[in-house]
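Counting from 1, the numbers follow the sequence of the chain as shown.
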Amino acid sequence: MHKIFLGSLFGFTLAFALGACTAPEIESCENFREVRSSCDGNNAFRYEPVNYDLCNNVDPECKQFYDCTAALSCVPDSNLTWLLGTEKVDTKIGGKPCVPRSQDPECGKRCCPVEFYRTLCPQPEDKECTDDDLRIPEEEDEEE
């Protein structure tokens, strides 16, 4: 009987230690980072790795923000930098409908404006849910 209890306790402890009980906000955060990283992969530059693990100690109030951002599309902004956001295709420019970048990536000033995930998905008050301020583009080595 005593061995069964110890075996069960050991099994539960091992499962907990291996992450079987990951908090929902951590899963949402990891999903956000994966989606954002996939979108960043479309850019000509890479971000320098940071020594800050965003999801290691995430606030539970950030879950809704991460779920919102992970559901957004990866779209090019006016600088043709890919980011998580949404094109405002119902916008009029000079009285005419704007042109989605997916239809004409060189539409210039006629392109539909893009809203960035920070404006589309509000963060909780007095909380910082992203590591965007730590994501610095890597310097490109100039070939000689």
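- Shown here for L120 and C68, the closest heavy-atom pair between the two residues is O-SG, 4.1 Å.
- To the nearest 0.5 Å, atom CD of residue E115 and atom CG of residue L72 are 10.0 Å apart.
- In this structure, C112 SG and K92 NZ are separated by 10.5 Å, a value rounded to the nearest 0.5 Å.
- By the side-chain hydrogen bond (donor to acceptor under 3.5 Å, both in side chains) test, E30 pairs with no residue at all, sequence neighbours left out.
- At distances below 3.5 Å, not a single donor-acceptor pair connects side-chain atoms of N43 with backbone N or O atoms of F45.
- For the atom pair E106 CD and D104 CG, the distance stands at 7.0 Å (nearest 0.5 Å).
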Checklist entry - Checking side chain to side chain contact (heavy atoms under 4.5 Å, CB included) for the pair E128/T130: CA distance, chi angles, key distance, verdict? => result CA-CA 6 Å; E128 179 62 33; T130 76; 3.2 Å; yes

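- Between the Q123 side chain and the C129 main chain, a donor and an acceptor come within less than 3.5 Å of each other.
- Heavy atoms from other residues, nucleotides or ligands lying under 6.0 Å from NZ of K88 number 12 at most.
- No donor-acceptor pair under 3.5 Å is formed between the side chain of T81 and the backbone N or O of D77.
- Taking R101 as the reference, nothing meets the side-chain hydrogen bond (donor to acceptor under 3.5 Å, both in side chains) condition, with sequence neighbours excluded.
- R36 CZ to T69 OG1: the interatomic distance, rounded to the nearest 0.5 Å, is 8.5 Å.
- Distance check for C98 and C111: the SG atoms are not under the 2.5 Å cut-off.
- Under a hydrophobic clustering in which Ile, Leu, Val, Met, Phe, Trp and Tyr are joined whenever their side-chain heavy atoms come within less than 4.5 Å, directly or via other members, I93 and V99 fall into different clusters.
- The heavy-atom pair separating V114 from P76 by the smallest distance is CG2-O, 3.4 Å.
- Within the model, atoms OG of S73 and CG of L84 stand 8.5 Å from one another, a figure rounded to the nearest 0.5 Å.
- To the nearest 0.5 angstrom, I26 atom CD1 is 13.5 Å from N31 atom CG.
- A distance below 2.5 Å between sulfur gamma atoms is met by C55 and C29.
- For E34, the CD atom is loosely surrounded, since the number of other residues' heavy atoms within 6.0 Å does not exceed 12.
- Sorted by first then second residue, the ring-ring contact (aromatic ring centres under 6.0 Å, His included) pairs that include residues 65-123, not counting sequence neighbours, are F32-Y66, F32-Y117.
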